[in-house]
Amino acid sequence: MDTILIVDDDHALAQSFKKLMIEEGYAASVATSGEEALRFVSNSQPDLLVMDVRMPGMSGLETLKALREIAPKLPVIIMTAYGNTETAIEATKLGAFDYVLKPFEIPEMFKLIEQALDTGRLMRSRVEIDQDPKTAAEAIIGRSRPMQELYKAIGRVAPTDATVLIRGESGTGKELVARALYQHSLRVEKPFLVINCVAIPETLLESELFGYEKGAFTGAVNRRVGKIEQAHGGTVFLDEIGDMPMSIQAKILRLLQEKSIERLGGREPIEVDVRILAATNRNLEAALEEGRFREDLYYRLNVVTLNLPPLRERPDDVPLLADYFLNRFARHMGMINPGITSEARNLLAAYTWPGNVRELANAVEKCLIFSRGRPIGPEDVSAQVIGPGGRVGETPEPPDEVIRKWVSRALAAAGPNLFSELSDHLARLIISEALMMTGGNRTRAAEILGLSRPTLLAKMDKLNLRTETSVKVD
């Protein structure tokens, strides 16, 4: 469960906010001064700090400076009631994740809290390279020649400030590679922000990246700092850059050439020091020919290119990956790892995996859920790996029939609390799929499932899914 520390000298307001946080499924604590907040962070290491600017004793800005020394990767959201966005912008320059003006809209605040928590996890959680499949950490797994070459390239380029373009099919692990580059870089103690150029609507992407000045458009009632400015001194990962609109490509080109940006509606250049990592599954050369991608930006991004091999080109890595995901999912579900038979391994290795590592992860998770604790066999793989590239000559069974057979086997085995156990297995599968579809966005997953966010979080707690919402591999 994520822990949030609320820092505000208004005790009544802080307690009300704490109550809201707890109702949303977070663990929350209150500190009424900067000094108390520093003691709390030193002893308890919260996941997020939400702090007012004006407090007696140490101000919010002074506290933030001290926090950067003892917890550089702790996300901090600054609150201010005085409408002085210059103070809030100064806080951003000091390393605050973002700021909000009081009074704020509760749904928007929760959305910002989720973004901050996700960013904190990305910065703190290590991505191991070429580890044993039994590792407990997130890892890039593979011992094939293409993967060995990739590891060498990461080691060479990570300590530099070079712009890196990560290319590979969907599901090959581009985000993991970007995080590994960040974690082995000289900017590891500075911010790491991920911007998905497809997930954000085109009308909002420019203001999200570059910020805006007061009056830049209808509704721009205050100046706003963009994500690139927030990441000053750190690293920005632009995912799916091949889908970035042409108008924004020009601004990214200026950032790479001149190390400066302009806020929307602004006239003065703002110097920023960020390292750009970018990724795409698109054919950029075809996009150049069709006029959908700027040639000058293409060459600016293409300083160093890392090509991630599709899983079909490294079949020997499939059993290693299957062991890794099986161990990982079993641990997060609170289950004993049942293992996998040699026949099932061979079947997994023979499949072409058009969805790459992400598809394999989904298949292993489903096999684990439906196997009910026994070793995963070829029949489990056949049931979960459906579509072209599955077992040659076989017609996949309808999903209802697969579930019916699974239920029949479970009923034949009997056991205490069978109905609850089967229901929990199905609920875990449904919620896991929703979270995988939304990239771990719990608010969006709750909307898809027709649940309130607190209800979803409560179910995730019951099913032991809160420890990791999804395995991100792209």
Side-chain angles (χ1 to χ4, degrees), residues 1-22 24 26-104 106 108-110 112-121 123-124 187-193 211 222-225 227 229-234 270 272-273:
M1 182 180 294
D2 294 313
T3 301
I4 299 173
L5 177 63
I6 302 159
V7 188
D8 199 318
D9 61 309
D10 186 333
H11 186 71
L13 187 149
Q15 289 296 333
S16 296
F17 197 20
K18 174 183 175 180
K19 183 179 178 182
L20 284 173
M21 294 293 100
I22 292 172
E24 278 293 300
Y26 302 111
S29 298
V30 168
T32 55
S33 69
E35 294 86 348
E36 186 181 352
L38 291 175
R39 289 194 295 270
F40 187 98
V41 171
S42 297
N43 295 327
S44 302
Q45 298 180 341
D47 299 297
L48 172 66
L49 194 146
V50 181
M51 179 168 60
D52 195 19
V53 168
R54 294 196 181 185
M55 296 183 293
M58 291 183 72
S59 70
L61 294 184
E62 291 170 334
T63 305
L64 183 57
K65 288 180 184 177
L67 281 169
R68 295 303 87 182
E69 296 297 321
I70 62 174
K73 296 187 180 183
L74 173 64
V76 178
I77 296 174
I78 292 293
M79 302 182 292
T80 177
Y82 297 93
N84 184 352
T85 55
E86 293 303 323
T87 301
I89 289 171
E90 183 63 26
T92 303
K93 291 179 180 178
L94 290 172
F97 174 78
D98 210 335
Y99 61 89
V100 293
L101 301 178
K102 295 179 180 178
F104 45 77
I106 295 298
E108 290 302 312
M109 186 59 160
F110 283 140
L112 184 60
I113 284 171
E114 273 299 300
Q115 291 173 352
L117 288 168
D118 287 343
T119 297
R121 290 186 201 102
M123 288 194 290
R124 292 191 307 270
R187 297 174 181 254
V188 66
E189 298 300 334
K190 299 295 183 179
F192 176 69
L193 296 184
N222 291 291
R223 176 183 291 172
R224 185 73 181 172
V225 170
K227 296 296 184 185
E229 203 172 342
Q230 285 178 28
H232 181 72
I270 300 165
V272 287
D273 172 25

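Computed from a predicted model, the values in this text were never measured in an experiment.
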Taken in chain and number order and not counting sequence neighbours, the residues that satisfy side chain to side chain donor-acceptor pair (under 3.5 Å) with Glu229 are Arg263

Sequence neighbours excluded, the answer for side chain to side chain donor-acceptor pair (under 3.5 Å) partners of Arg187 is Asp161, Asp273

Residues at least two apart in sequence or cross-chain that pass ring-ring contact (aromatic ring centres under 6.0 Å, His included) with Phe97, listed by chain then number, are none

With sequence neighbours left out, the residues meeting ring-ring contact (aromatic ring centres under 6.0 Å, His included) with Phe104 are Phe17

Going by the rule side-chain contact (heavy atoms from CB on, under 4.5 Å), which residues pair with [X] if we only count those two or more places apart in sequence or in a different chain?
X	value
Ser59	Leu61, Glu62
Ser33	Glu35, Glu36
Glu69	none

A quick test of your reading: do over 12 heavy atoms of other residues, nucleotides or ligands sit less than 6.0 Å from NZ of Lys227? yes

Rounding to 0.5 Å, atoms CG (Leu117) and CG (Asp2) come to a distance of 4.5 Å

For residues 4-20, the salt bridge (charged side-chain N to carboxylate O under 4.0 Å, His left out) pairs (sequence neighbours left out) are Asp8-Lys102

Sequence neighbours excluded, the answer for salt bridge (Lys or Arg N to Asp or Glu O under 4.0 Å) partners of Arg39 is none

Q. Under 3.5 Å, is there a donor-acceptor pair between the side chain of Arg121 and the main chain of Ala116?
A. no

